[in-house]
Amino acid sequence: MSLKLGLIGHPIGHSLSPWIHAKFIDLAGLNGEYKLYEGDHEKLPSVIQHLKNASIDGFNITVPYKQVIVDYLDELDKDAEILGAVNTVVNENGKWKGYSTDGEGYVRSLVEPYPDLLHPGTSVLLLGAGGAARGIYRAIVQKGVKTVDIANRSLDKAEALLPLNDGSSSSRVMSFLEAEQHLHEYDLIIQTTSVGMKPNIEEQIIRLDNLLESTVVSDIVYQPITTRLLKDAKDRGAKIHHGHSMLLYQGQLAFEKWTGKNLEVSHLVDELEQKLRGE
Ligand code: ATR
């Protein structure tokens, strides 16, 4: 049997998912393909019809279709329904079911290098409140940590994340200035906005003067691999977590849903870094 997988989105020409899933198909000892289906909004219904006719086993879906794809699904996983976004579709006996692997993939990428980080005493600060923050916020809260506070430029957008909390953690909304003043209270700080992304590599979302060395600073931006925020954190003696590993573990979770195979992928983190550096 040859596995049929792919990615729908626009633009996706530079996506690393084909590289990642080709590695996974190899590691799993399977045959198959992971194709890119790029198209603007008018093309989406015909792309979907093509994938139905081809009996695709599963696919990822990215910007700008993470919400509209719901109209084409037979079933929706509970978390995807609550988040209002799908990034992975699984063909389950002819029925298409939508999942969101962003948040859980992020958590997997984090606990791989820091297995003891998330526990009932952990305090987390989330920077940003956009689409990426939503999935990460819900997944971290579901780990039953003590606190997940949210700092964002516009406070109303941060408030909009609070209904995603199932009550497992306490959450406060604050400005970046307030976050800077309280930085020493957190075990983990997660940067989820595009601030610091190429070409704006000199940008840094908050000052780290009050950072403790024991804190882990994580940035989901992976171009550059080491953002200015991560470099600053490292220079202050704190621990860091790079964004590119999230790509790998989101893929790992999607691949698990498509094939039932839970692959060991940690050795690919460095390979992916080299690929991103163009080596
Ligand atoms: P994504 O889906 O990639 O998360 P998004 O939904 O547009 O993108 O969310 C972008 C996030 O980055 C938001 O939290 C946004 O802050 P606002 O809610 O105040 O708009 C944040 N963001 C983007 N550019 C920013 C900047 N220059 N400074 C601070 N925050 C910024």
Side-chain angles (χ1 to χ4, degrees), residues 7-12 14-17 41 60-70 79-80 82-88 98-107 109-110 124-141 148-165 171-183 186 188-208 217-224 227-230 232-233 241-247 249-251 254 276:
L7 169 67
I8 308 179
H10 184 63
I12 51 173
H14 295 290
S15 170
L16 290 158
S17 294
H41 272 96
N60 289 126
I61 184 124
T62 187
V63 181
Y65 304 125
K66 286 184 167 191
Q67 282 90 31
V68 295
I69 189 64
V70 171
D79 278 327
I82 290 168
L83 289 165
V86 164
N87 78 333
T88 301
Y99 295 87
S100 173
T101 69
D102 286 343
E104 185 56 27
Y106 172 79
V107 167
S109 76
L110 186 69
V124 182
L125 173 65
L126 197 70
L127 304 173
R134 287 174 66 82
I136 291 173
Y137 176 71
R138 183 158 171 85
I140 298 270
V141 160
V148 188
D149 291 339
I150 309 161
N152 197 47
R153 188 173 52 183
S154 50
L155 296 184
D156 53 336
K157 261 187 103 176
E159 298 272 357
L161 259 65
L162 298 178
L164 301 172
N165 185 347
S171 273
R172 227 154 53 85
V173 160
M174 62 181 78
S175 66
F176 288 133
L177 190 61
E178 204 180 339
E180 285 171 348
Q181 286 158 356
H182 290 267
L183 224 51
Y186 298 100
L188 168 65
I189 296 163
I190 310 170
Q191 198 301 109
T192 70
T193 77
S194 56
V195 174
M197 190 188 291
K198 271 183 189 170
N200 303 314
I201 59 169
E202 292 308 318
E203 289 182 358
Q204 179 168 335
I205 193 151
I206 55 166
R207 294 177 59 93
L208 299 180
V217 178
S218 173
D219 196 334
I220 71 163
V221 170
Y222 57 86
Q223 287 283 32
T227 58
R228 183 171 159 166
L229 181 79
L230 290 187
D232 189 4
H241 171 250
H242 288 102
H244 67 282
S245 62
M246 175 180 175
L247 290 179
Y249 284 89
Q250 281 168 353
L276 281 163

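Position 1 is the first residue of the sequence, and the numbers go up from there. In listed order, ligands and their atoms are each counted from 1. Since this is a predicted model, take the numbers as computed values, not measurements.
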Looking at [atom], what's its closest protein heavy atom, distance included?
atom                    : answer
atom 20 (O) of ligand 1 : R153 NH2, 2.9 Å
atom 10 (C) of ligand 1 : G130 CA, 4.2 Å
atom 16 (O) of ligand 1 : N152 OD1, 3.4 Å
atom 21 (C) of ligand 1 : T193 CG2, 3.5 Å

Between [X] and ligand 1, does any nitrogen or oxygen pair lie at a separation below 3.5 Å?
X    : value
A132 : yes
G131 : yes
S194 : no

Is there a protein heavy atom at a distance of less than 4.0 Å from atom 3 (O) of ligand 1?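 Protein heavy atoms within 4.0 Å of atom 3 (O) of ligand 1 - there are none.
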- Query: Does the protein put any heavy atom within less than 4.0 Å of atom 7 (O) of ligand 1?
  - Reply: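 Within 4.0 Å: no protein heavy atom nearby.
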Quick check on contacts: which atoms of ligand 1 are under 4.0 angstrom from a heavy atom of [X]?
X    : result
A129 : 14 (O)
S154 : 17 (P), 18 (O), 19 (O)
G128 : 14 (O)

Salt bridge or not between R228 and E203? Use side-chain N to carboxylate O under 4.0 Å. no
Shortest non-hydrogen separation from [X] to [Y] and the atoms involved:
X    : Y    : answer
I61  : L7   : N-CD1, 4.1 Å
A133 : G128 : CB-O, 3.4 Å
A129 : N152 : N-OD1, 3.3 Å
V221 : V195 : CG2-O, 4.0 Å
S175 : A151 : O-CB, 4.0 Å

Answer with yes or no whether the side chains of Y137 and T192 bring together a donor and an acceptor at under 3.5 Å.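 No, because no side-chain N or O of T192 sits under 3.5 Å from a partner of the opposite role on Y137.
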Problem set entry | Exercise: do Q204 and D232 side chains pair donor with acceptor under 3.5 Å | yes
